[in-house]
Trainee: 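One structure follows; several queries about it will come next.
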Amino acid sequence: MVSNAEVAKVLEEFATLLELTGADGFRVNAHHRAARGVEGLTQSLAALAEDKASLTAIDGIGPKLADKLVEIVRTGTLAELETLRVRVPAGLLDILRVPGLGPKSVKAMWDANITNTDALKRAIADGSLLKLPRMGEKAVAKIKDSLAFFDSSATRTHLGKAAAVAHTFVTAISALPGVARIQPAGSLRRGKETIGDIDILVAIADDTTDRDLATRIAARFCSLPGVIHVIAQGSGKSSVLYALEGGLGRWKPTPQVASTKSAELTASFGSQPAAPRQPSIQVDLRILPESSFGSALMYFTGSKEHNVRLRERSLAMGYTLNEWGLFPVSERTVKVSKKAGGFKAKLAPASGSTNKVAGDVIYADSPALPAPLLPPQDRGVKPLASASEEEVFAMLGLPWIPPEAREDRGELNEAGPWDLVTVADIRAELHAHTTASDGLLSILELAEEALRRGFHTIAVTDHSQSSSIAGGLKPDRLRAHIAAVREANSKINGITILAGSEVDILTDGSLDYDDKLLAELDVVVASPHAALSQDPAAATARLLRAISHPRVHIIGHPTGRLLLRRAGLSPDMPRLIAAAKEHDVALEINSHWMRLDLRDTHARAAILAGVKLAINCDDHERSDFDNLQFGVATARRAWATPADCINAWPAEKLHRWLQSKR
DNA sequence: GCCGTTTTCGGCCCGACTGTTTTCAGTCG
């Protein structure tokens, strides 16, 4: 079976290759959009493909793309894609990933027979790259610089690692005088499971008389310990590469891949260190006036697709939206051009008039405008809204939409209010390990930590016997452990300690303890740990069997994936969700940033089907409790409310539900 | 390639920045 993610990947590659061959940009964009749509789909595409009408009902999918989707589901690929793969050298895709190089430049290189990064390095070394159109000294130097860091800069970074980096920057910069507000934006603020680069917004007072303030903030930003390369440094925008630590908590660091650079090329790039460079992440800093903070925050939080929808909505309402604010569209001044000796302004109609763009209007004697254009405020145009996100959304007739929901998945059609689950709503942890297996805390230490964080319930769920590496408990040890949990529970006030187990789901779907022992436990979290490369059919059967077991409360990290590391199982998720509904089993969102499993789109599908979610930290040590924010972010990306999450229920309701399976 | 409170054709979001140019193309988010 072809998964939605695989279909999206095929479409994405097709769009990229189309772009390189110079296809119409809107056609390219339509394919990129379709890929994202498929990726975010909650139903299985393989099932939808039976009926073409259900495909064209998806936003952005027309008749032609529907045919392509059917073809991909049936064959795993596209005939057109295979043709392009033959035509377009694979190495061009590597060149395209170099920062600063887009489809037009790469196409020009292809025409000059530069078809991989090694050839590009040679063309830089022998000066032939300079002969290409629009390739001057500076452009070539920039490409050379980017190439030097290309091998080491990770394309994506785990949410938890990126959040820690952002925290470092926010702490350092918020301490500077004159910083009115500071806030990470981008995919980090949206809680995406992996992060490309980190955006940080800083607001300074509009009426500041300190002309060097922004410059000083940027200077501090670029000189923080850990910054290994400054890409750009200015008073409005700065970008740096920041060194990432290799450690992944209880997962071992990724082994360094040896450089494949040939000796000859190393010689021509001799000024760069030859040893494998440290993995890094790009961090962008934007500095802007406080009066634009709301609209800028929306702009830089994205997603890009969500922003496009907002701007379309703005235009339809007679406004135009940009990072400086929401403006009446009739005031729009777009481009300065000396064509025909005057200034050209593209005017769109005001509200109530025709929806067609009126076209270019030439002003013969417009006063000279400074270049680059000042923000509209400084040209005497007042924004209708800009200081806060709430007021911009309100002007557009929308409730404030949480950042996690800004993915162009229909959020603009929701009436609101958006009362999504928050970290403060979570009052129970139902998946935690002690020193009895591979945890670092005793039962009481674990309970005290949970109490400190305001929880009413903590479940002790050590590993079962098959997880021998993790110190899984044989039945006799488990019975003694249950007794120890009961005793600890009698000694502590203010929190309930439950006796549970994280029971292995064995390869065939059976559980790692017999039914009699399982019945003695207050909480059973059943999780797959081994045989994580099973084929989808076997994985589906395995998990369905565990879900239908009458003693199971929660399926822990259902796919066993490790982000950027291991794909894990690919079961037929719609079937698992239907079974979870039928047997009243909760599906876990494991909050560790290496897992975030269930992923957001599957959790969304579960909620739509009426399946309960459990947001657990899978604690092994104190700091693991801090990962709750990432599990909650994933749940919020699935539009989960407190009612959807059993950890947010009051104690009596939760305990009654757990007891119903005994 | 998609789409329609006027559209089945002609639109498709917006601005900053950079470098290469003498008025603008490419890239990025």
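Numbered from 1 within each chain, the chains take letters A, B, ... in sequence-line order. Heavy-atom basis, side chains included; hydrogens, waters and symmetry copies ignored.
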Trainee: How about A/N113: does its CG atom have over 12 heavy atoms from other parts shown lying under 6.0 Å from it?
Mentor: no

Trainee: Looking at A/R637, is its backbone amide N or carbonyl O close enough to the side chain of A/D600 to form a donor-acceptor pair, meaning the two atoms are under 3.5 Å apart?
Mentor: no

Trainee: Roughly how many Å apart are B/dT18 and B/dG10, using the C1' atom of each and rounding to a whole number?
Mentor: 32 Å

Trainee: NA contact type, A/P133, heavy-atom cut-off 4.0 Å: base, sugar-phosphate, or nothing?
Mentor: nothing

Trainee: Stacking here means centres under 5.5 Å and planes under 30°; does A/F26 stack on B/dC2?
Mentor: no

Trainee: Considering only B/dC2, B/dT18, B/dC3, which nucleotide approaches the side chain of A/D59 most closely?
Mentor: B/dC3

Trainee: If you check every side-chain atom of A/L315, which of B/dC14, B/dG26, B/dG1 has the closest atom?
Mentor: B/dC14

Trainee: For A/E137, answer base if it contacts any base atom (sugar-phosphate contacts may also be present), sugar-phosphate if it contacts only those atoms, and nothing otherwise; contact means non-hydrogen atoms under 4.0 Å.
Mentor: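 Since only primed, P, OP1 and OP2 atoms lie under 4.0 Å of A/E137, the category is sugar-phosphate.
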
Trainee: Which nucleotide sits closest to the side chain of A/R286: B/dG29, B/dG26, B/dG1?
Mentor: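 The nucleotide sitting nearest to the side chain is B/dG29.
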
Trainee: What is the distance from CD1 of A/I287 to P of B/dC17, rounded to the nearest Å?
Mentor: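 Checked: the CD1 to P distance equals 12 Å.
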
Trainee: So, A/E305 and A/R33, do they make that salt bridge, N to O below 4.0 Å?
Mentor: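 Salt bridge flag = no for A/R33 with A/E305.
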
Trainee: Counting side-chain heavy atoms from C-beta on, which of B/dA25, B/dT27, B/dG1 comes nearest to A/L65?
Mentor: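 Nearest listed nucleotide: B/dG1.
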
Trainee: Tell me which nucleotide among B/dG19, B/dG1, B/dG26 gets nearest to the side chain of A/K104.
Mentor: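 Minimum distance to the A/K104 side chain belongs to B/dG26.
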
Trainee: It should be established whether A/K107 places a side-chain nitrogen or oxygen under 4.0 Å from OP1 or OP2 of nucleotide B/dG26.
Mentor: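 Result: no.
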
Trainee: Using a heavy-atom cut-off of 4.0 Å across all strands, would you classify A/I61 as base, sugar-phosphate, or nothing?
Mentor: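 Sugar-phosphate contact only.
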
Trainee: Taking the side chain of A/D199 as heavy atoms from C-beta outward, which of B/dT27, B/dT20, B/dG29 is closest to it?
Mentor: B/dG29

Trainee: Ignoring the backbone of A/N322, work out which of B/dG1, B/dC14, B/dT27 is nearest its side chain.
Mentor: B/dC14

Trainee: Give one of base, sugar-phosphate or nothing for A/K304, where a contact means two heavy atoms less than 4.0 Å apart.
Mentor: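 Base: the residue A/K304, judged by heavy atoms under 4.0 Å, touches a nucleobase.
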
Trainee: Rounded to whole angstrom, note down the P distance from B/dG19 over to B/dG11.
Mentor: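 Approximately 34 Å lies between the P atom of B/dG19 and that of B/dG11.
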
Trainee: Looking at A/W324, does any N or O in its side chain come under 4.0 Å of the phosphate oxygens OP1/OP2 on B/dA16?
Mentor: yes

Trainee: Minimum heavy-atom separation for A/L321 and A/V392, please, with both atom names.
Mentor: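 Where A/L321 meets A/V392 most closely, the heavy atoms are CD1-CG1, 3.9 Å.
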
Trainee: Counting the atoms with a prime plus P, OP1 and OP2 as sugar-phosphate, which does A/D197 contact under 4.0 Å by heavy atoms, base, sugar-phosphate, or nothing?
Mentor: sugar-phosphate

Trainee: Using distance alone, with no hydrogens and no angle criterion, decide if A/T83 and A/R85 have a side-chain donor and acceptor under 3.5 Å apart.
Mentor: no

Trainee: In the structure shown, which nucleotide is the Watson-Crick or G-U wobble counterpart of B/dT8, with both distances under 3.5 Å?
Mentor: none

